[in-house]
Amino acid sequence: MNYWLMKTEPDECSINDIAKAGEQGVLWDGVRNYQARNFMREMTLGDQVLIYHSSCKTIGIAGIAEVCAAAFPDPMQFDSNSPYFDAKASPEKPRWDAIRLRFVAKFSNVISLEALKKVNPLAGNPLVKKGNRLSVIPFSAEEFTAVKALND
DNA sequence: GCCAACGTTGGC
DNA sequence: GCCAACGTTGGC
């Protein structure tokens, strides 16, 4: 079992949207960063994922989801009508991956970035570093537990 | 809306 | 392989 954090703009896909998707979960596509993609390829079924709302009014971790489909080629890279289209990708040589995420829990309150910066095990985590742009971040069990504890 | 930080691209 | 230019991210 691995732990991760994934960023999303809640206008695009919020923790509520994931909850509404039910058992089959949501398609997590559009990741166009190699480091983030490589992390997605390491994900296995049942991995726990903290859902982080960015670029919005209430920034922070909103809940937990789990991986319900491991990495597969992101269909949007082949769709010339999609903003995620990549002319350099082909079905024979896909470049980008997607996963699926299923709802696990919504926190009673969004755990704010300000609060996260005060969590000891998170010191040094890219999430709380200025200028960080990584949208998929691996978490240790200790980091995950410390975040989850803030919801209790 | 601003702007610092960052990743990617492309000329050389 | 370097690095300037550019586009994007993301907090404020």
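Chain identifiers are assigned alphabetically (A, B, ...) following the order of the sequence lines, protein sequences preceding nucleic acid strands; residue numbering begins at 1 within each chain.
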Protein-nucleotide distance ([X], atom [atom1]; [N], atom [atom2]), rounded to Å:
{"X": "A/E12", "N": "C/dG10", "atom1": "CD", "atom2": "P", "result": "12 Å"}
{"X": "A/N33", "N": "B/dT9", "atom1": "CG", "atom2": "P", "result": "11 Å"}
{"X": "A/L113", "N": "C/dG10", "atom1": "CG", "atom2": "C1'", "result": "10 Å"}
{"X": "A/D86", "N": "B/dG7", "atom1": "CG", "atom2": "P", "result": "19 Å"}
{"X": "A/D11", "N": "C/dG10", "atom1": "CG", "atom2": "P", "result": "14 Å"}
{"X": "A/R32", "N": "B/dT9", "atom1": "CZ", "atom2": "P", "result": "12 Å"}
{"X": "A/Y34", "N": "C/dT9", "atom1": "OH", "atom2": "C1'", "result": "18 Å"}

message: I want to know whether A/Y34 and A/W96 have ring centres closer than 6.0 Å.
response: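 Yes - the distance between ring centres of A/Y34 and A/W96 falls below the 6.0 Å cut-off.
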
- prompt: Strictly under 6.0 Å, is that where the ring centroids of A/Y3 and A/F144 end up?
  reply: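 Ring centres of A/F144 and A/Y3 closer than 6.0 Å.
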
Any donor-acceptor pair under 3.5 Å from A/E12 side chain to A/E9 backbone: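 No, A/E12 side chain to A/E9 backbone: no donor-acceptor pair under 3.5 Å.
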
- request: Check whether any side-chain N or O of A/D47 sits under 3.5 Å from a backbone N or O of A/M43 as a donor-acceptor pair, and report yes or no.
  value: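 Such a contact is absent between A/D47 side chain and A/M43 backbone.
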
task: Scan A/K117 against the nucleic acid and name what it touches under 4.0 Å (heavy atoms): base, sugar-phosphate only, or nothing.
output: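 Sugar-phosphate only.
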
- prompt: Tell me, which of residues 49-63 of chain A have any heavy atom that sits under 4.0 Å from an atom in DNA chain C?
  reply: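 The stretch gives A/Y52, A/S54, A/S55, A/I59 as the residues lying under 4.0 Å from the strand, ordered by number.
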
- prompt: Of the nucleotides C/dG10, C/dC12, B/dG7, which has the atom closest to the A/K7 side chain?
  reply: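 Taking heavy atoms from C-beta onward, the closest nucleotide is C/dG10.
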
query: Roughly how far, to the nearest 0.5 Å, is the OG atom of A/S112 from the CD1 atom of A/I59?
result: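 If I round to the nearest 0.5 Å, the distance is 9.5 Å.
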
field: Pairs flagged by side-chain hydrogen bond (donor to acceptor under 3.5 Å, both in side chains) wherever residues 56-79 of chain A is involved - sequence neighbours left out
entry: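 Those involving residues 56-79 of chain A are A/R32-A/D74, A/Q48-A/E66, A/E66-A/R102.
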
query: On DNA chain B, nearest-nucleotide positions of A/K88 versus A/N132: which is more 5'?
result: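 So the residue in question is A/N132.
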
message: Would you say A/K130 places a side-chain N or O within less than 4.0 Å of OP1 or OP2 belonging to C/dG11?
response: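 No.
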
message: Under the rule for ring-ring contact (aromatic ring centres under 6.0 Å, His included), what residues qualify as partners of A/W4, not counting sequence neighbours?
response: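 A/F39.
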
